[in-house]
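Predicted model, so just to flag it, every value in this text is computed and none were measured.
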Amino acid sequence: MTQKISELLEAAADRAMPVVRGIDDARLGDPTPCAEYDVRALLNHLFLVVVNFQALAARQDVDFSQEPEFVTGDWRGRFGEETARLVEAWGAPGAEEGTTGRMGLPARTVGLMVLGDLTVHAWDLARATRGDFVPDAGVLDEVGPGLAAMAPQAREMKMFGEPFPVGEDATAFERLLAVTGRDPGWTRGGATGGTTGGTTGGTTVG
């Protein structure tokens, strides 16, 4: 039986929250695997994605062109609140039915996009701040094939970098990261990856 998007998002948020809570303010200016984003900018981007995809679940208009400052005050607590709202929004009756967003994509596809962002950006932030992150297995089973399927179009729209070469022994998550243009071995001050800032390009569905 196919898992509901809300259940998958809850599992992904449970894995992302310890990463976000563990980020020290002194690390906000550090580089991330997303070359154009430091930690603060990536957190702001992820906040925007989480907030806007709540609206997309409810078939409301969103604007990805502006990225307000979310990393103020108790931003760690707020991240928990916003991800809880995201889970609730996608758990509402009919949230996965029909289409949503400017491109009229299937709602479940849009839900998988935010699932991908939440998962991959949690890894980005963990790597940038030397934290630990292991994706939920059920989430990986869903989002891995989903991101691979949308990758060619995502590259054309400059949302994914070129696929990063990985060996035959690469794990499923390493292959997912590579599909988005990330170097699975990226470390702060070490290996670099040719990735873009967004894994699913929220502006394409807004």
Side-chain angles (χ1 to χ4, degrees), residues 1-21 42-125 133-151 153-154 157 159 176 180 197-206:
M1 183 177 177
T2 303
Q3 268 192 287
K4 294 180 179 179
I5 291 294
S6 58
E7 296 171 346
L8 292 165
L9 285 170
E10 185 172 22
D14 284 347
R15 297 298 176 96
M17 274 307 306
V19 175
V20 172
R21 289 196 186 105
L42 185 56
L43 281 166
N44 276 314
H45 171 74
L46 184 54
F47 261 107
L48 183 66
V49 167
V50 168
V51 170
N52 278 357
F53 274 80
Q54 296 169 27
L56 286 168
R59 309 304 193 268
Q60 297 170 358
D61 292 335
V62 298
D63 181 7
F64 280 92
S65 66
Q66 302 294 323
E67 292 202 357
E69 181 62 50
F70 292 100
V71 186
T72 60
D74 182 20
W75 54 269
R76 298 170 186 82
R78 185 177 180 190
F79 185 78
E81 294 168 359
E82 295 295 355
T83 53
R85 292 189 183 102
L86 180 70
V87 171
E88 183 179 6
W90 282 94
E96 291 189 41
E97 299 172 6
T99 62
T100 187
R102 186 175 58 205
M103 293 182 65
L105 294 173
R108 185 172 175 87
T109 297
V110 173
L112 289 173
M113 287 180 174
V114 68
L115 185 67
D117 259 14
L118 190 55
T119 301
V120 176
H121 285 324
W123 176 86
D124 289 331
L125 291 167
F133 177 74
V134 178
D136 177 84
V139 169
L140 187 57
D141 287 345
E142 286 285 342
V143 83
L147 291 188
M150 69 176 68
Q153 182 179 9
M157 303 179 78
M159 296 182 297
L176 181 155
T180 72
T199 62
T200 62
T203 53
T204 67
V205 299

Is any side-chain heavy atom of Asp124 closer than 4.5 Å to one of Leu46?
no
Pairwise side-chain contact, Phe133 with Thr119, heavy-atom cut-off 4.5 Å (strictly under):
yes
Closest non-hydrogen atom pair between Glu97 and Ala107, with its separation:
O-CB, 3.6 Å
What closest approach, in Å, do Arg76 and Val20 show between heavy atoms, and which atom pair accounts for it?
CG-O, 3.9 Å
Is the shortest side-chain heavy-atom distance between Leu176 and Val120 below 4.5 Å?
yes
For Val139 against Ala11, the heavy-atom pair lying closest together:
CG2-CB, 4.0 Å
Inter-residue atom distance Trp123.CH2 - Leu118.CG, 0.5 Å rounding
15.5 Å
As an exercise, state the distance from OG1 of Thr83 to CG of Leu9, rounded to the nearest 0.5 Å.
9.5 Å
If you look at every heavy atom in Pro68 and Leu48, which pair is closest and at what distance?
CD-CD1, 4.1 Å
Tell me, please, which residues at least two apart from Glu96 pass salt bridge (charged side-chain N to carboxylate O under 4.0 Å, His left out).
Arg108
Closest non-hydrogen atoms of Leu112 and Ile5, given as atom of the first, atom of the second and distance, are CD2-CD1, 3.8 Å
Kindly write out the residues that satisfy side-chain hydrogen bond (donor to acceptor under 3.5 Å, both in side chains) with Gln54, not counting sequence neighbours, or none if the list is empty.
Glu82
So, using side chain to side chain contact (heavy atoms under 4.5 Å, CB included) as the criterion, who are the partners of Ala55 when residues are at least two apart?
Gln60, Val62
For residues His45 and Asp117, determine if any side-chain heavy atom of one lies less than 4.5 Å from a side-chain heavy atom of the other.
yes
With sequence neighbours excluded, residues passing salt bridge (charged side-chain N to carboxylate O under 4.0 Å, His left out) with Arg59:
none
Partners meeting side-chain hydrogen bond (donor to acceptor under 3.5 Å, both in side chains) with Glu69 (sequence neighbours left out):
Arg40, Asn44
Check Ala12 against Leu115 and note the closest heavy-atom contact, atom names and distance.
CB-CD1, 3.7 Å
All side chain to side chain contact (heavy atoms under 4.5 Å, CB included) counterparts of Glu81, not counting sequence neighbours:
Arg78, Arg85
Phe47: ring pair (Phe, Tyr, Trp, His ring centres under 6.0 Å) partners, not counting sequence neighbours:
Phe70, Phe79
Can you measure from CG (Asp141) to CG (Asp136) and round to the nearest 0.5 angstrom?
8.5 Å
Partners of Ala57 by side chain to side chain contact (heavy atoms under 4.5 Å, CB included), sequence neighbours excluded?
Ala89, Trp90
List in chain and number order the residues that pass side-chain hydrogen bond (donor to acceptor under 3.5 Å, both in side chains) with Glu7, two or more places apart in sequence or in another chain; answer none if no residue qualifies.
none
Kindly write out the residues that satisfy salt bridge (charged side-chain N to carboxylate O under 4.0 Å, His left out) with Arg21, not counting sequence neighbours, or none if the list is empty.
none
Candidate list Leu56, Val110, Thr100, test side chain to side chain contact (heavy atoms under 4.5 Å, CB included), partner Leu105, passing option
Val110
